[in-house]
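Below: the structure, in structure tokens.
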Amino acid sequence: MAKMNMIQALNSAMDIAMDRDPSVVVMGEDVGYFGGVFRCTDGLQRKYGEHRCIDTPIAEGGIIGTAIGMGVNGLRPVAEIQFADYIYPGFDQVVSELARLRYRSAGDFYAPVTIRTPCGGGIRGGQTHSQSPEGIFAHVSGIQVVMPSNPYDAKGLLLASIESDDPVVFFEPKRIYNGPFDGDPDKPAVGWSSHPQGEVPEGYYTVPLGQANVVREGNDVTIVTYGTMVHVAEAAARAADVDAEIIDVRSLQPLDLETLTTSVNKTGRCVIAHEATRFSGYGAELSASIQEHCFYALEAPIQRVTGWDTPYPHAFEWDYFPGQKRIIAALEAALED
Amino acid sequence: MAKMNMIQALNSAMDIAMDRDPSVVVMGEDVGYFGGVFRCTDGLQRKYGEHRCIDTPIAEGGIIGTAIGMGVNGLRPVAEIQFADYIYPGFDQVVSELARLRYRSAGDFYAPVTIRTPCGGGIRGGQTHSQSPEGIFAHVSGIQVVMPSNPYDAKGLLLASIESDDPVVFFEPKRIYNGPFDGDPDKPAVGWSSHPQGEVPEGYYTVPLGQANVVREGNDVTIVTYGTMVHVAEAAARAADVDAEIIDVRSLQPLDLETLTTSVNKTGRCVIAHEATRFSGYGAELSASIQEHCFYALEAPIQRVTGWDTPYPHAFEWDYFPGQKRIIAALEAALED
Amino acid sequence: MASKQSRLHVPSAPARPGDEPDFSYLKLMPAGRLGRPDSHVKVNETHELASGLVRVLDDNHEAQGQWDPHLDAKELQVALRHMVMTRIFDDRMQRVQRQGKISFYVKSTGEEAVSVAQAMALQPGDMLFPSYRNQGLFIVRGSNLTDLMSQCLSNTRDMCKGRQLPVMYHSAEDKLFSISGNLTTQYPQAVGWAMASAIKGEQHIAAAWIGDGSTAEADFHHALTFAAVYQAPVLLNVVNNQYAISTFQAFAGGEQQTFAARGPGNGIAGVRVDGNDFLAVYAVTQWAAERARAGAGATLIEHVTYRGSAHSTSDDPTRYRPKEEWAAFPLGDPIERLKQHLIANGDWSDARHDALVEELTEHVTACWREATSYGTLNEGPHLDASLMFEDIFEKMPANLRAQREQWRREKSGD
Amino acid sequence: MASKQSRLHVPSAPARPGDEPDFSYLKLMPAGRLGRPDSHVKVNETHELASGLVRVLDDNHEAQGQWDPHLDAKELQVALRHMVMTRIFDDRMQRVQRQGKISFYVKSTGEEAVSVAQAMALQPGDMLFPSYRNQGLFIVRGSNLTDLMSQCLSNTRDMCKGRQLPVMYHSAEDKLFSISGNLTTQYPQAVGWAMASAIKGEQHIAAAWIGDGSTAEADFHHALTFAAVYQAPVLLNVVNNQYAISTFQAFAGGEQQTFAARGPGNGIAGVRVDGNDFLAVYAVTQWAAERARAGAGATLIEHVTYRGSAHSTSDDPTRYRPKEEWAAFPLGDPIERLKQHLIANGDWSDARHDALVEELTEHVTACWREATSYGTLNEGPHLDASLMFEDIFEKMPANLRAQREQWRREKSGD
Ligand SMILES: Cc1ncc(C[n+]2csc(CCOP(=O)(O)OP(=O)(O)O)c2C)c(N)n1
Ligand SMILES: Cc1ncc(C[n+]2csc(CCOP(=O)(O)OP(=O)(O)O)c2C)c(N)n1
Ligand SMILES: [Mg+2]
Ligand SMILES: [Mg+2]
């Protein structure tokens with residue numbers, strides 16, 4: 001075991017994948033010689049050469065389009081989109097091509113492409129470096145959507161994603177690249193080294209897609225969340241002294257609905273938390289599905305805790321961010337009857 | 001009053017808008033001399049000239065990007081995207097620019113662009129001429145999303161959209177361009193002329209955005225739907241002889257939630273129906289919001305009736321399409337207790 | 001504002017219904033005029049090839065100049081056979097669409113030389129990324145017409161399992177990529193495929209086809225940029241058939257500049273070729289393939305041709321162009337031109353041609369009979385509709401399994 | 001596969017940290033070499049302008065050739081003032097960012113001539129669509145430094161009401177468009193703005209700026225295509241400062257072809273200019289503006305310059321390029337070159353220059369003092385955070401009103 005932050009864990013996953021399988025290539029803007037603006041691909045070009053860790057032009061559509069062609073020709077591309085806010089120029093290649101290829105060719109063609117992209121705010125990035133568009137991709141049939149909340153899962157899920165013959169959009173909550181974050185920006189930053197999930201095996205392992213993770217057991221209410229919000233939810237439950245069961249969805253598509261409904265059927269109450277805007281977001285799917293399966297067990301309305309239906313404002317990010325207060329208010333609403 | 005089908009009603013709306021306001025321009029692929037592949041812009045170039053009804057290159061991103069610039073320079077562009085399935089190459093200009101301009105410039109700049117695009121299946125269009133991506137756009141803060149279900153609303157909502165200083169993505173359910181459709185493809189097609197909503201004033205009028213429409217009053221269950229599915233829902237309620245209140249959402253963003261919750265609080269039961277795929281779709285938002293506001297009135301789980309989480313398959317469109325049977329099954333589920 | 005006159009330039013159509021056809025806008029050149037430079041030539045030395053027009057067959061049906069590929073009679077007869085087959089196939093499929101047996105069809109009439117010559121000039125290991133108007137590629141690579149027809153019928157033998165619109169074929173074993181309904185998306189994919197071939201140190205190259213109108217899409221730019229940066233071994237073809245549904249090529253940017261010129265303008269070689277001249281298309285394809293295989297980089301090839309038919313069975317071209325336009329097209333009909341060349345060479349005759357047409361017509365009829373025996377859209381046998389839930393992912397996730405169950409209940413309610 | 005050698009071409013950097021700077025890849029030309037054709041020249045007659053390099057100032061700081069705009073000393077002194085102001089402003093803002101007073105900053109050091117010369121050559125009614133590295137445009141158009149600083153501070157005077165990252169300025173009244181964080185999106189918008197101007201029969205033109213790396217984005221192609229088809233009155237500028245964050249211009253496609261050549265290649269005029277030569281940039285901008293205003297069409301202008309600073313305050317260029325590179329850049333420093341030209345003309349002196357620097361430094365200090373009095377990110381006064389819910393729509397819809405209420409309750413819980 002070693003101590004790794006999320007950046008190192010992701011780097012280790014790509015390193016191991018490239019070492020084990022010569023068909024794995026990494027590509028993206030500034031990922032090569034420079035090692036990526038968040039350093040996630042640091043050292044990979046030095047180790048595997050500029051033909052397997054490839055700097056690309058600034059064209060997200062071109063990156064994803066060429067990655068699909070490489071995938072069809074036997075490579076296993078891991079494409080980095082520098083910020084999730086910049087994935088939209090490549091949206092058509094994801095929705096119309098990457099997601100559809102296996103289906104429309106009746107399985108004769110497929111492209112095992114993993115798209116890595118940092119998401120989320122709380123880093124003073126303003127409205128174009130803070131978005132969480134996972135709900136959009138989850139709506140597109142044919143795409144797997146993943147968001148880890150810690151270094152251990154990040155490495156294991158990324159290795160599983162790279163190995164998957166189906167495409168994955170892999171969201172990396174950049175606020176917790178260097179350490180867990182409980183939602184309080186005024187507290188001194190803590191690193192992953194002190195966190196149990198900062199203990200990461202140096203070697204190969206995978207965390208299978210499609211499995212949620214119960215990060216804390218509890219009986220009074222279920223908090224369904226993922227990414228940065230897992231840590232905010234844990235802190236909120238502690239602060240409010242609520243016996244909450246906290247589930248890290250991890251794999252948004254395919255969704256491990258059973259783990260969620262089992263918990264809600266037990267607690268009878270549910271709070272859903274994500275950083276993305278609320279309206280027509282992924283939390284709505286969680287709420288709708290849980291309501292369909294747990295209706296008769298529910299003792300209070302399912303609550304959604306989200307970012308507001310606004311862009312992510314530079315100066316007001318802590319007013320936008322769904323912090324502990326917003327979760328605690330939702331817990332109170334979910335627990336009253 | 002005149003008899004119009006939806007194509008004629010949309011054409012009339014653009015004609016009136018161009019006649020009343022010289023800043024209104026229509027643009028898109030094949031919309032000019034040809035009059036549009038669905039004939040919606042027929043005659044507009046002849047009447048207003050090729051400088052106000054503009055044929056464009058095949059570049060959805062270019063159409064929307066230039067439309068934004070025109071809007072900033074005092075024009076009121078109505079841009080046609082030939083099929084909703086082809087709006088994705090312009091997605092970045094919609095999400096990152098059209099939706100954000102007013103916000104990021106603190107109101108100093110805005111672009112009053114209306115994007116018209118035919119959506120939905122049931123016309124043997126296969127997976128790339130049948131999609132309903134409204135849920136994706138509804139998640140993007142800063143975009144109004146509209147889908148009419150009949151000629152009267154189509155004309156009134158399009159005029160209101162064109163007049164709005166905020167952007168609108170205006171979805172046109174192409175299956176009901178020529179007549180209402182109850183979900184049974186084997187029945188002979190009926191035109192709009194026999195339908196009350198096929199009665200359309202020749203002159204100017206608007207149907208305000210943000211207002212849902214109760215198309216049928218009822219007491220036992222509320223069906224919340226929009227577009228083609230309004231007619232399928234009416235037929236299903238009739239066939240199942242259920243006293244259903246049917247609400248046509250019409251304006252998906254902004255959403256008239258109050259009309260929906262008032263009805264569900266009355267009936268205590270709710271079925272949501274749309275043609276789009278289910279997972280993380282717009283129906284999830286409707287379900288989540290209604291559940292939040294009507295929880296204590298609900299006597300059964302809110303049901304979602306949708307297309308499957310698959311692309312729209314050419315040969316199996318009637319197996320995919322959420323027809324009367326699927327709605328009736330959901331009504332039965334919603335009505336049991 | 002209404003007061004002032006618009007100063008916007010809007011391209012005006014050369015001719016509308018009722019007008020005399022007018023192709024004076026087409027920049028032409030006599031056969032044999034352009035020299036054939038070494039295929040390793042620098043990008044900036046292809047400007048002339050990109051603005052001119054490579055032609056081999058002259059008005060007397062004789063081959064002229066350095067670009068003559070010197071193919072023997074056998075090969076030319078095979079080529080003619082493929083082109084005639086393509087046209088007869090198209091005509092038949094159009095007819096059955098009119099009869100309501102298939103939902104949609106797209107003909108390539110008048111453009112047969114492009115697909116046939118290029119498929120013949122490339123190697124079997126090369127990967128092809130067709131558009132919906134390249135049926136000739138499938139025919140040359142030996143696709144069974146019954147299979148193509150079955151796809152159009154979405155029947156029990158449909159290679160797409162009923163999921164795709166007619167003509168959206170593919171063949172993994174013949175290295176023909178799955179056709180997309182979304183324009184130009186295959187362009188960067190072909191570049192990526194070619195990059196992978198180079199990364200793997202292989203000799204296979206890729207080729208992709210789009211129309212003139214499709215060059216306006218973003219993926220055209222993505223493809224050219226990546227092809228230029230990595231000098232990818234790929235042929236990027238623009239089939240300029242003068243129309244994009246109702247809009248003529250000026251609306252795609254053909255008025256100020258040739259499409260081939262986008263090549264050198266963006267850093268790859270460019271060649272403009274007479275798309276109705278089988279020999280010229282073959283030779284240019286050989287040249288570009290040689291260039292790509294040697295690692296000298298990509299080529300953008302503009303094929304100047306004419307869309308002889310409607311855009312698709314959903315289109316009515318009489319609304320926007322003169323009926324007589326095709327007959328007036330200065331580059332003629334590719335089949336007629338190759339036929340006359342063979343006859344001029346003493347390698348063909350009208351009688352043999354008529355026999356060929358009759359033979360292939362019967363073949364197409366037989367294939368259609370066989371194809372319909374596997375079912376049609378309306379008559380069985382039908383594919384199992386549960387196929388609709390498969391191949392979205394390699395393994396079917398829970399939500400799809402549940403929906404398939406729900407669908408089964410819905411059906412059994414019959 | 002691992003066995004075989006990769007045959008992919010990957011551009012290699014001219015120099016990495018520790019290496020000697022090497023600009024041998026830069027195609028240069030002596031000042032005065034290129035003639036100045038009539039501004040109505042045909043697109044295909046601009047190939048030489050697009051592949052060459054328009055320069056006016058020679059190595060002796062004298063103006064040469066047909067492109068000399070013959071500006072009088074006053075104008076040149078104003079230009080120098082704007083450029084010096086820009087650099088001092090940049091240096092100060094970088095410093096305050098290091099002190100944690102603002103969250104982010106982007107300098108334009110070494111590129112000042114581009115924005116200053118172009119803003120001066122264009123007319124006040126022309127609409128400008130800047131990138132994040134065109135602060136010179138704002139300075140020439142008379143934006144108050146205090147306002148620019150206030151935007152960077154997201155303070156109570158912030159024109160963006162706290163919503164945008166620093167440097168994402170705008171000014172509706174000065175016709176400076178809102179800067180986007182998304183690269184190249186302003187390019188087709190500028191073309192659309194210009195199309196609208198033409199449709200309205202107005203004389204105003206548009207101009208947009210992006211960097212070399214941004215030319216790879218789809219919107220570059222969209223802009224060129226629409227500009228070519230409608231001959232829109234627009235100037236499309238590519239500021240080739242040799243880098244896109246860590247990747248040098250070859251990764252944007254600069255290895256095989258100049259960026260200016262994308263112009264004629266796609267159907268609009270193209271000119272490549274020495275971006276550090278104030279006189280050349282001014283003259284080329286005049287030429288292109290004349291062309292656009294006359295309805296003769298759009299121009300793509302490539303400005304050859306060098307990014308003297310880090311990409312942004314988040315970047316560390318010592319990781320990927322030699323420290324000495326800027327000093328070795330053959331086109332020098334635009335401020336120094338204009339200064340020496342004025343001195344050579346007897347219109348300027350080192351003493352006057354030092355006085356100017358001192359004056360502007362004090363001015364910037366005063367503006368900063370005033371700006372901070374309206375608040376900083378950390379110290380009040382602060383904007384009312386409820387502004388976060390406004391300007392999403394003209395009228396606030398119910399869901400946002402409800403969320404604003406929820407936010408108020410959340411706050412009051414303090
Ligand atoms: C992204 C996208 N936009 C629009 C369409 C609708 N469409 C289908 S074919 C076509 C015209 C294409 O013209 P061209 O590229 O010249 O090819 P041709 O049909 O002439 O062979 C259009 C606009 C589409 N299929 N995909
Ligand atoms: C669509 C998009 N992709 C990626 C980025 C991240 N990014 C910001 S600046 C930049 C480099 C741009 O380089 P260039 O166009 O040369 O402009 P320069 O910074 O050199 O002025 C990148 C990749 C972005 N802002 N938007
Ligand atoms: Mg065409
Ligand atoms: Mg740059």
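Small disclaimer: the values here were computed from a predicted structure and weren't measured. So you know, we letter chains A, B, ... as the sequences are listed, proteins then strands, and number each from 1.
- With respect to chain A, the highest number of heavy-atom pairs below 4.5 Å among C:M195, C:Q186, C:M127, C:M388 belongs to C:M388.
- For the options C:R163, C:E390, C:H204, heavy-atom pairs under 4.5 Å to chain A are most numerous at C:R163.
- Taking OH from A:Y103 and CZ from C:F389, the interatomic distance works out to 8.0 Å, rounded to the nearest 0.5 Å.
- Contact count versus chain C (heavy atoms, under 4.5 Å) is highest, among A:G61, A:A59, A:G107, A:P254, for A:G61.
- Between A:L255 and C:N399, the closest side-chain pair of non-hydrogen atoms is not below 4.5 Å.
- Residue-environment remark: CZ (C:R408) exceeds the threshold of 12 foreign heavy atoms within 6.0 Å.
- For C:L400, no part lies near chain A; criterion is any non-hydrogen pair under 4.5 Å.
- In this structure, chain A has no heavy atom under 4.5 Å from any part of C:M168.
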Show your reasoning for whether side chain to side chain contact (heavy atoms under 4.5 Å, CB included) applies to A:T56 and C:F226. CA-CA 8 Å; A:T56 66; C:F226 280 66; 4.2 Å; yes
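- To the nearest 0.5 angstrom, C:D391 atom CG is 13.5 Å from A:F109 atom CZ.
- In terms of heavy-atom pairs under 4.5 angstrom with chain A, the leader among C:V229, C:D158, C:I179, C:T225 is C:I179.
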Test side chain to side chain contact (heavy atoms under 4.5 Å, CB included) on A:I54 and C:Y230; report intermediate values, then the result. CA-CA 10 Å; A:I54 308 168; C:Y230 304 105; 3.6 Å; yes
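- If you measure heavy-atom distances from A:I143 to chain C, the contacts under 4.5 Å come from the backbone alone.
- For the residue pair A:L101 and C:S178, the shortest heavy atom distance occurs at CD1-CB, 4.0 Å.
- Among C:S180, C:C160, C:A206, C:G162, the residue making the largest number of heavy-atom pairs under 4.5 Å with chain A is C:S180.
- Heavy atoms of C:E394 lying under 4.5 Å from chain A belong to its backbone as well as its side chain.
- Of the listed residues (C:N182, C:T185, C:D219), just one forms a side-chain hydrogen bond (donor to acceptor under 3.5 Å, both in side chains) with A:Q93, and that residue is C:D219.
- Among A:S289, A:A106, A:G71, A:S164, the residue making the largest number of heavy-atom pairs under 4.5 Å with chain C is A:A106.
- Atom OG of A:S105 and atom CG of C:L176 lie 13.0 Å apart (nearest 0.5 Å).
- Put simply, of A:G142, A:S141, A:G210, A:P89, the one with the most heavy-atom pairs under 4.5 Å next to chain C is A:G142.
- Of the atoms belonging to A:N73, heavy atoms from both backbone and side chain fall under 4.5 Å from chain C.
- Ranked by heavy-atom pairs under 4.5 Å with chain A, the list C:F393, C:Y187, C:F129 is led by C:F393.
- Heavy atoms closer than 4.5 Å to chain A are found in the backbone of C:M159, but not in its side chain.
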Take C:H170 and A:D108, measure what side chain to side chain contact (heavy atoms under 4.5 Å, CB included) needs, and give me the verdict at the end. CA-CA 8 Å; C:H170 70 272; A:D108 292 341; 2.7 Å; yes
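- Of the atoms belonging to A:Q253, it is side-chain heavy atoms, and not backbone ones, that fall under 4.5 Å from chain C.
- Atom CZ of residue C:F177 and atom CD1 of residue A:I68 lie 7.5 Å apart, to the nearest 0.5 angstrom.
- In this structure, chain C has no heavy atom under 4.5 Å from any part of A:D256.
- Interface summary for chain C: among A:R100, A:E258, A:M70, A:Q144, the most heavy-atom pairs under 4.5 angstrom belong to A:M70.
- With a 4.5 Å cut-off on side-chain heavy atoms, C:Q189 and A:E97 count as touching.
- C:S197 touches chain A through backbone and side chain together, each having a heavy atom under 4.5 Å away.
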